[in-house]
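These values consider heavy atoms only, across backbone and side chains, with no hydrogens, waters or symmetry-generated copies. So you know, we letter chains A, B, ... as the sequences are listed, proteins then strands, and number each from 1.
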Amino acid sequence: MADPNAVPFFDDDEPPTPRPSGIAARAMAGVMQARTGAAGNYLEGLNPEQREAVETTEGPLLVLAGAGTGKTRVLTTRIAHILATGRARPSEILAVTFTNKAAREMKNRVASLVGDVAEGMPWLGTFHSIGTKILRRHAELAELKSSFTILDTDDQIRLLKQILSAENIDEKRWPARSLAWAIDGWKNRGLAPKDVPPGDGAAIANGRGKDLYALYQERLKTLNASDFGDLLLEPIRIFREHPDVLEQYHRRFRYMLVDEYQDTNVAQYLWLRLLAQGPRNLCCVGDDDQSIYGWRGAEVDNILRFEKDFPGAKVIRLERNYRSDAHILGAASHLIAHNEGRLGKTLRPQGEDGEKVTVTGSWDSGEEARSIADEIETVHRKGGQLNDIAILVRASFQMREFEDRFVNLGIDYRVVGGPRFYERQEIRDALAYLRCVNSASDDLAFERIVNVPKRGLGDVTVQALQRFARSTRIPLLQAAQEMADTSEFKPKPREALKTLTQNFARWTKASEEMKHTELAEMVLDESGYTEMWRQDRSADASGRLENLKELVRSMDGFENLQGFLEHVSLVMDTESGANDDKVTLMTLHAAKGLEYDVVFLPGWEEGLFPHQRSLDESGRAGLEEERRLAYVGLTRAKKRAKIYFASNRRIHGMWQSSLPSRFLDELPNKHVEVTEAPAAFSNRGFGESRFDRLEPFQASTYNTPGWQRAQARKDSGFAEPRAGGFNRRGGPVVIEGELVAKSTANAASYVVGERVFHDKFGYGEVIEVEGNKLMVAFEKADTKRVIDSFVKRV
DNA sequence: GATCCATTTGTTTTT
DNA sequence: CAAATGGATC
């Protein structure tokens with residue numbers, strides 16, 4: 001696309017027409033009904049709450065949709081309803097999701113409800129794709145051309161490294177990675193360089209964090225580039241500084257829908273709030289109990305304070321769970337009840353009790369993998385589909401053991417969320433070539449491939465090119481072209497540059513008449529890139545060549561090179577069409593939104609799950625997020641949820657003993673079954689993990705059965721009988737209490753006289769406060785000492 | 001400019 | 001224990 005201004009940003013750029021009303025609306029609805037046949041029935045089969053959520057079209061609405069309560073169904077039906085009743089045209093609905101997968105699914109499901117009309121929903125997409133669309137349209141207001149490129153993380157880091165070295169900052173002490181992380185964080189919080197609080201940048205590069213951020217932004221503009229954060233941040237700035245632009249969108253978006261609202265960060269929130277200032281028909285769907293991306297900037301607060309932000313908001317709770325059997329749901333609900341600051345939902349099972357959640361201990365991670373694999377074989381032999389089985393792990397290193405085992409046993413498996421296709425080295429290299437052909441000024445892409453394959457163009461040459469390019473304000477490729485004609489370089493690099501630039505000139509010319517797939521093949525061959533991998537005798541070289549072929553094949557579905565490149569930068573996942581029967585192996589994070597008949601949950605050990613780092617870095621909030629992760633894991637299961645923990649696990653190559661996760665203690669007895677009295681208990685002591693780090697040898701003295709029994713008795717006065725006697729950790733109250741105390745430093749504490757509610761003991765009054773421990777006089781029980789996080793204010 | 005060894009550093013991940 | 005960086009060497 002030669003002239004970027006010719007890109008049709010709005011599918012219907014005619015001036016806004018008066019909205020169809022009265023007869024027109026009814027006629028329109030009639031048309032749709034006639035076209036789709038089934039359209040009139042879309043409301044059937046919804047339960048009363050779902051139906052209310054669909055039909056409450058006007059005004060702000062928060063739908064609290066617990067796991068498995070038909071959230072996507074509500075969203076899609078709501079869109080169908082708005083369309084079918086003629087309240088808005090497809091192009092007047094803004095519907096945002098986080099992932100491309102969710103967007104795709106929503107599009108498909110709306111289409112199946114109302115027919116092809118959904119194809120014309122130009123504003124259904126991810127935050128980032130919609131942000132891109134807006135930014136391209138108003139690029140000039142952000143000092144960009146509408147053809148700007150979108151940087152991936154690799155480019156971002158490379159750019160930051162350049163800035164750091166230009167500023168003479170020791171990259172060893174202040175790695176580009178952490179600067180990138182900080183900038184990302186600021187962008188997530190909606191902060192431009194000037195808004196960064198002084199204290200924030202201080203911890204980075206001797207207080208130069210803020211400057212560096214500003215420099216980075218400057219460089220982005222000159223490169224005509226934007227990173228992921230800018231795709232949201234720049235529209236926010238444009239909306240704020242140009243009310244007329246914002247108003248255009250107010251007129252356009254009559255209805256707004258947001259999926260997974262609990263995952264929004266501050267920037268996304270601001271973006272939404274600006275847009276929702278117009279027609280206040282904003283519908284957010286989410287589940288505070290499934291917020292697991294806090295570490296990435298998501299603010300559970302956004303969902304917790306929805307009613308405050310949007311006065312008059314209606315809140316509808318979806319609590320009927322159609323997914324899991326009662327035992328699974330009971331276990332999950334009880335677990336998550338240990339979290340504070342929830343909006344609170346009670347998931348109600350719709351089906352039968354089903355099987356209890358099982359908890360199995362094993363000696364080490366190998367045994368754990370073996371018993372899970374055996375179990376899977378059994379299920380499979382009995383005719384169960386492997387597709388209905390998933391193993392959900394906390395950290396990806398846990399996957400290896402399962403993979404090994406599956407390979408041995410010949411069980412087919414797939415790993416979800418491994419290294420993504422577009423993130424592979426060979427794919428990024430190939431894309432860099434194409435980016436250069438597509439836009440001669442894509443300096444970052446050029447830098448990536450100047451010397452890949454090796455052409456003898458190293459640091460020295462590239463630096464010279466950069467100096468020249470910067471001083472004359474021309475792109476690197478052009479600089480290369482011009483310098484190749486001078487005697488600046490020695491003959492060898494000069495020749496290499498000449499060949500390269502001539503190649504690019506030829507390719508760019510060819511791109512005008514050639515089909516883009518053929519062009520890609522030509523570029524990759526003539527540049528010597530494919531040859532490079534053919535020469536490579538390492539094991540994965542042939543796989544990489546295969547990937548390159550796959551890349552070219554996947555380009556087929558696109559109009560042109562430009563369209564394909566845009567897709568790649570925003571859509572990092574590739575549709576894996578494999579429909580064979582395989583066990584799914586993935587992280588808990590990747591599992592959100594999915595469901596399986598049988599779910600295996602290995603690795604429930606202190607330190608791994610909840611993850612130590614989460615506890616260290618985010619304290620109580622971290623613990624609660626881990627707990628939500630456990631909740632997400634359990635609620636993926638329809639029929640069977642099976643939890644495992646091992647007493648020994650190899651971490652960083654060293655065997656370490658581990659204790660069962662505290663989450664196991666938080667499972668209710670009546671929904672849980674301990675399948676084996678694990679060797680784990682007789683070998684591992686109580687209260688060990690916290691002490692053995694300080695006094696490694698003392699720990700072993702605690703390993704005698706007698707000591708353990710003593711500890712178990714000591715523990716028995718507290719709380720309910722624990723699941724299967726998992727009363728590890730002698731005096732867990734104190735130990736846990738201190739642990740929590742450390743992390744709760746700034747959590748709101750209780751005051752004497754406050755009325756509180758405790759899950760087990762009922763209502764009571766606080767009579768003493770000591771740190772995070774409370775003495776509470778319960779109405780229906782004695783006075784007990786409890787941890788503040790176990791009670792709620794009334 | 002390229003290659004080899006030593007040192008480091010190990011969650012979760014979309015766009 | 002391994003991968004992935006980075007620095008020192010050829």
Side-chain angles (χ1 to χ4, degrees), chain A residues 96-103 125-132 135 150-153 155-157 161 170-172 175-177 181 184 187-188 226-233 259-260 263-265 267-268 291-298 392-401 416-420 422-423 425 450-463 489-490 492-493 496 566-573 586-593 603 607-618 622 625-626 628-630 632-633 649-656:
Chain A
V96 274
T97 63
F98 276 84
T99 64
N100 292 291
K101 203 168 123 203
T126 62
F127 274 102
H128 295 271
S129 68
I130 289 167
T132 309
L135 188 53
I150 300 166
L151 301 191
D152 59 36
T153 12
D155 296 329
Q156 214 180 336
I157 301 274
K161 277 188 179 163
D170 183 9
E171 227 230 285
K172 260 173 90 183
R177 292 201 139 275
W181 177 255
D184 245 32
K187 289 190 172 179
N188 283 156
S226 139
D227 65 12
F228 285 121
D230 284 348
L231 296 178
L232 285 165
L233 213 49
D259 191 15
E260 307 276 18
D263 286 338
T264 49
N265 59 35
Q268 285 154 343
S291 161
I292 54 176
Y293 286 107
W295 52 275
R296 210 167 68 187
L392 310 182
V393 296
R394 172 67 246 261
S396 37
F397 77 84
Q398 291 173 263
M399 292 185 188
R400 248 190 87 163
E401 229 145 356
V416 173
R420 260 165 289 285
Y422 291 124
E423 276 173 10
Q425 183 195 340
V450 247
N451 205 27
V452 181
K454 306 246 181 299
R455 325 189 148 83
L457 297 170
D459 261 7
V460 180
T461 316
V462 175
Q463 301 249 321
F489 297 121
K490 297 201 180 99
K492 235 176 154 185
E566 167 111 5
H567 165 85
V568 168
S569 49
L570 289 174
V571 183
M572 295 299 278
D573 64 342
M586 64 185 148
T587 62
L588 286 159
H589 283 91
K592 194 166 67 154
L608 176 59
F609 192 36
H611 201 283
Q612 193 57 48
R613 200 134 152 189
S614 206
L615 264 31
D616 291 347
E617 280 169 19
S618 318
E625 183 154 312
E626 296 283 304
R628 290 194 289 269
L629 205 45
V632 167
R649 190 173 291 277
R650 208 160 46 167
I651 296 180
H652 309 335
M654 293 233 284
W655 282 100
Q656 298 211 304

Separation between NZ (A:K187) and CG (A:L231), nearest 0.5 Å, reads 9.0 Å
Trace of the side chain to side chain contact (heavy atoms under 4.5 Å, CB included) decision for A:E566 with A:T132 = CA-CA 10 Å; A:E566 167 111 5; A:T132 309; 3.3 Å; yes
How far, in whole Å, is C:dT5 from B:dT12 if one measures between their P atoms?
-> 15 Å
I would like to know whether A:V393 and A:M586 meet side chain to side chain contact (heavy atoms under 4.5 Å, CB included); could you show each step before the answer?
-> CA-CA 6 Å; A:V393 296; A:M586 64 185 148; over 6 Å; no
Sugar-phosphate, base or nothing in reach of A:N451, heavy atoms under 4.0 Å = sugar-phosphate
Whole angstrom is fine here: how far is it from CZ in A:F397 over to P in B:dT9?
-> 19 Å
Indicate, with a heavy-atom threshold strictly under 4.0 Å, whether A:E626 touches base, sugar-phosphate, or nothing.
-> base
Between CE of A:M399 and CG of A:L392, what distance do you get to the nearest 0.5 Å?
-> 9.0 Å
Please lay out, stage by stage, how A:F397 and A:R650 fare under the test side chain to side chain contact (heavy atoms under 4.5 Å, CB included).
-> CA-CA 10 Å; A:F397 77 84; A:R650 208 160 46 167; over 6 Å; no
Indicate, with a heavy-atom threshold strictly under 4.0 Å, whether A:D263 touches base, sugar-phosphate, or nothing.
-> nothing
Length of the line joining A:M399:CE and B:dT12:C1', which is rounded to integer Å = 10 Å
For A:S614 and for A:G458, find the nucleotide of DNA chain B with the closest heavy atom, then tell me which residue's nucleotide is more 5'.
-> A:G458
Integer-rounded Å distance: B:dT12 C1' and A:E625 CD | 9 Å
Determine, stepwise, if the pair A:L570 / A:I150 fulfils side chain to side chain contact (heavy atoms under 4.5 Å, CB included).
-> CA-CA 8 Å; A:L570 289 174; A:I150 300 166; 4.1 Å; yes
Plane angle bin for A:Y293 and A:H589 - parallel if under 30°, tilted between 30 and 60°, otherwise perpendicular | tilted
Which value, rounded to the nearest 0.5 Å, describes the distance between A:K592 atom NZ and A:T587 atom OG1?
-> 11.5 Å
Given ring pair (Phe, Tyr, Trp, His ring centres under 6.0 Å), test A:W295 with A:H611 step by step and report yes or no.
-> CA-CA 13 Å; A:W295 52 275; A:H611 201 283; over 10 Å; no
Between the protein and nucleotides 13-15 of chain B, which nitrogen or oxygen pairs are less than 3.5 angstrom apart?
| unit_1 | atom_1 | unit_2 | atom_2 | d |
| --- | --- | --- | --- | --- |
| B:dT13 | OP1 | A:T587 | OG1 | 2.5 |
| B:dT14 | OP1 | A:R420 | NH1 | 3.2 |
| B:dT14 | OP2 | A:R420 | NE | 3.1 |
| B:dT14 | OP2 | A:R420 | NH1 | 2.7 |
| B:dT14 | OP2 | A:R420 | NH2 | 2.1 |
| B:dT15 | OP1 | A:N100 | N | 2.7 |
| B:dT15 | OP1 | A:N100 | ND2 | 2.8 |
| B:dT15 | O3' | A:L570 | O | 3.3 |

At under 4.0 Å between heavy atoms, which parts of nucleotides 1-10 of chain C does protein reach? Answer with one letter per nucleotide, 5' to 3': B base, S sugar-phosphate only, - none.
-> B----SS---
